[in-house]
Amino acid sequence: AGDISHLASIVILLHKIYTSHSCRGISFKTQALYVLVFLTRYLDLFWHWVSLYNTAMKVFFIASSVYVLYLMKYKYRPTHDPSIDTFKVEYLLGPCLILGLIFNYEFKFTEILWSFSIWLEAVAILPQLFMLQRTGEAEAITTHYLAALGAYRALYIPNWIWRYFGDNVVDPIAVVAGLVQTGLYLDFFYVYFTKVLQGQKFELPA
Amino acid sequence: DDLPVFHDEL
């Protein structure tokens with residue numbers, strides 16, 4: 001369910017860009033961070049086979065995130081306003097690299113990158129949320145995108161509990177980062193459920 | 001496969 005929600009979020013994002021011929025309201029910085037997240041985590045595509053499903057999803061997430069970046073940078077460039085997308089990503093990249101160096105399952109390059117990508121994914125939404133807060137409102141379709149994206153990691157949580165009891169497996173790095181990631185959406189979810197899903201416009205209180 | 005954890009999630 002988490003993966004499908006993630007998949008759906010990207011389909012909604014592409015649908016929004018296509019139908020409005022615009023990437024207004026979408027943070028380029030957040031999208032660029034996702035490319036970095038997928039490239040650093042899914043490098044194992046080349047040596048660690050899990051399943052056809054796993055491989056297909058990895059390829060899709062890398063390809064679609066690069067494609068979104070292309071759409072924003074070239075095809076719909078005039079519709080992107082960098083002056084409201086001002087979050088400093090350095091504040092995220094540095095700490096995530098440090099977290100990757102401290103918390104990892106083996107002190108080797110690919111494992112550090114994996115951990116880095118997990119932490120970075122947890123906070124990659126911040127430029128987007130920061131932008132949302134600056135503009136104070138969003139198109140409904142954009143909020144559906146964010147809701148699906150936020151729900152994705154939240155839906156992993158029951159699965160982690162299931163695996164803890166069922167398979168006796170726990171991945172503390174993914175769990176802690178996943179909880180942080182989900183937590184960052186709580187404010188957004190509150191407004192989404194109380195306004196957008198009640199048919200009102202997404203507007204933040206002044 | 002001797003990965004310390006599963007890494008089988010996305």
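Chain A is the first sequence line, chain B the second, and so forth, proteins listed ahead of strands; every chain is numbered from 1. Note that the structure is a prediction, hence the values are computed from the model and not measured.
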- Message: Are there over 12 heavy-atom neighbours, none belonging to A:Tyr53, within less than 6.0 Å of that residue's OH?
- Response: yes

- Query: Any ion pair linking A:Arg163 and B:Glu9 (charged N to carboxylate O, less than 4.0 Å)?
  - Reply: yes

- Message: Please classify the contact of A:Asp167 with chain B as side chain, backbone, both or neither, using a heavy-atom distance under 4.5 Å.
- Response: neither

- Message: Using every non-hydrogen atom in the two residues, find where B:His7 and A:His48 come nearest and quote the distance to one decimal.
- Response: O-NE2, 3.6 Å

- Where does A:Phe38 contact chain B at under 4.5 Å (heavy atoms): side chain, backbone, both or neither? neither

- Item | Approximate separation, where rounding is to 0.5 Å, of A:Asn54 CG and B:Leu10 CG | 5.0 Å

- Neighbour count >12 (heavy atoms, 6.0 Å) for atom CG, A:Asp187: no

- Around atom NZ of A:Lys201, are there more than 12 heavy atoms of other residues, nucleotides or ligands at under 6.0 Å? yes

